[in-house]
Amino acid sequence: MASVVYENLPPVLDSKSEQPPPPLFDGTTRLYMAYTCPFAQRVWITRNYKGLQDEIKLVAFDLQDKPAWYKEKVYPSNKVPSLEHNGKIIGESLDLINYVDSNFEGPSLLPDDPEKRKFAEELFSYSDTFIKDVSTSFKGDTAKEAGPAFDFLEKALDKFDDGPFFLGQFSLVDIAYIPFVDGYQMILSEGFKYDATIGRPKLAAWIEQ
């Protein structure tokens, strides 16, 4: 596993904040993100696990009050995360975690095994469905509607037996899911008195790891 590195996080920028130096496309690699956004957390975790704190600088926003210059000068969709690298801006969190893993040094976060890579693609594809199903369950019968999504994860965690993670060893797939599972666990426990790990021992072990 990656070693612990303590980092002084930059301040959160809002609509009143000027664009920080140095100028855009000066060769600095920047991750534009919000600390509280689970989509951005995917890329943040990938960066940190690979030990890229010095190579990829953070630019953190208030998710509800982003500065106008971000949309005007950096990323017209105005979403986070996005990555400034080699004179271009790249978006979409799943694309970004794969990009960071493929284009920067550090431990690889995808195995060489073709079967595991194929399963990884299946789980990446399912992640949007997982997010949608659990999120919409907050408005209905939460246990009934969210249960199948967590059952899917429990079954997926049973696919390989060489470790407690989706592909056996820690990978981009775990990074794709954990920001959301972590947040949902808190919401479901505190708001709905629902523990998604009950009856799902592999999910419980995965969260613990």
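Heads up: numbering here begins at 1 and tracks the sequence. The structure presented is a predicted model; accordingly, all values stated were derived computationally and were not measured.
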Donor-acceptor pair, side chain of Lys88 and main chain of His85, under 3.5 angstrom: no
task: Look at Arg200 together with Glu154 and state whether they make a salt bridge at an N to O cut-off of under 4.0 Å.
output: no
- prompt: What about the rings of Phe130 and Tyr177, do their centers lie closer together than 6.0 Å?
  reply: yes
query: Are the side chain of Tyr184 and the backbone of Ile131 linked by a donor-acceptor contact shorter than 3.5 Å?
result: yes
message: One pair to check against salt bridge (Lys or Arg N to Asp or Glu O under 4.0 Å): Arg47 and Glu7. What are the steps and the verdict?
response: CA-CA 12 Å; Arg47 163 196 182 261; Glu7 180 180 13; 2.5 Å; yes
message: Could you walk me through whether Phe61 and Val59 satisfy the side-chain contact (heavy atoms from CB on, under 4.5 Å) test, starting with their C-alpha distance in whole Å, then the side-chain angles of each, then the deciding distance to 0.1 Å, before giving a yes or no?
response: CA-CA 7 Å; Phe61 296 134; Val59 181; 4.0 Å; yes
- request: Count the heavy atoms of every other residue, nucleotide or ligand shown that sit under 6.0 Å from CG of Asp161, and state whether that count exceeds 12.
  value: no
- request: Indicate yes or no for a side-chain donor-acceptor contact from Gln185 to the backbone of Val181 under 3.5 Å, with no hydrogens or angles considered.
  value: no
- prompt: Considering residues, nucleotides and ligands other than Asp112, do more than 12 of their heavy atoms fall under 6.0 Å from its CG?
  reply: no
- request: Examine distances only and state if a side-chain atom of Asp174 and a backbone atom of Ser171 form a donor-acceptor pair shorter than 3.5 Å.
  value: yes
Ser93 side chain vs Ala40 backbone, donor-acceptor pair below 3.5 Å: no
Glu115 and Lys159: CA distance, side-chain angles, deciding distance, side-chain contact (heavy atoms from CB on, under 4.5 Å) verdict: CA-CA 11 Å; Glu115 183 182 3; Lys159 175 82 171 177; 3.9 Å; yes
- prompt: Are any side-chain N or O atoms of Ser135 and backbone N or O atoms of Lys132, one a donor and one an acceptor, separated by less than 3.5 Å?
  reply: no
task: Kindly say whether the aromatic ring centers of Tyr32 and Tyr70 come within a distance under 6.0 Å.
output: yes
statement: Rounding to 0.5 Å, atoms CH2 (Trp69) and CG (Leu24) come to a distance of 8.5 Å
- request: Determine, for Phe104 and Lys50, whether the Lys NZ or Arg CZ falls below 6.0 Å from the six-membered ring centre while staying within 45 degrees of the axis.
  value: no
statement: Interatomic distance, NZ@Lys16 vs CG@Asp62, rounded to 0.5 Å, equals 8.5 Å
query: Got a donor-acceptor contact below 3.5 angstrom from the Lys71 side chain to the Pro76 backbone?
result: no
query: Would Tyr49 and Leu123 show up in the same hydrophobic cluster when neighbours are defined by side-chain heavy atoms closer than 4.5 Å?
result: yes
message: Counting only heavy atoms not in Gln19 (residues, nucleotides, ligands), do more than 12 fall under 6.0 Å from its CD?
response: yes
- prompt: How long is the gap from CD on Glu208 to OG1 on Thr197, to the nearest 0.5 Å?
  reply: 10.5 Å
- request: Supply the atom-to-atom distance Tyr99 OH to Leu83 CG, rounded to the nearest 0.5 angstrom.
  value: 6.5 Å
- request: Look only at the side chain of Lys66 and the backbone of Asn78, and say whether a donor-acceptor pair between them is shorter than 3.5 Å.
  value: yes
Atom pair CG (Asp101) and CG (Leu96), whose distance is rounded to the nearest 0.5 Å: 12.0 Å
- prompt: Can you check whether Ala176's main-chain N or O pairs, donor with acceptor, with Arg42's side chain at less than 3.5 Å?
  reply: yes
query: Between CZ of Phe166 and CZ of Phe160, what distance do you get to the nearest 0.5 Å?
result: 12.0 Å
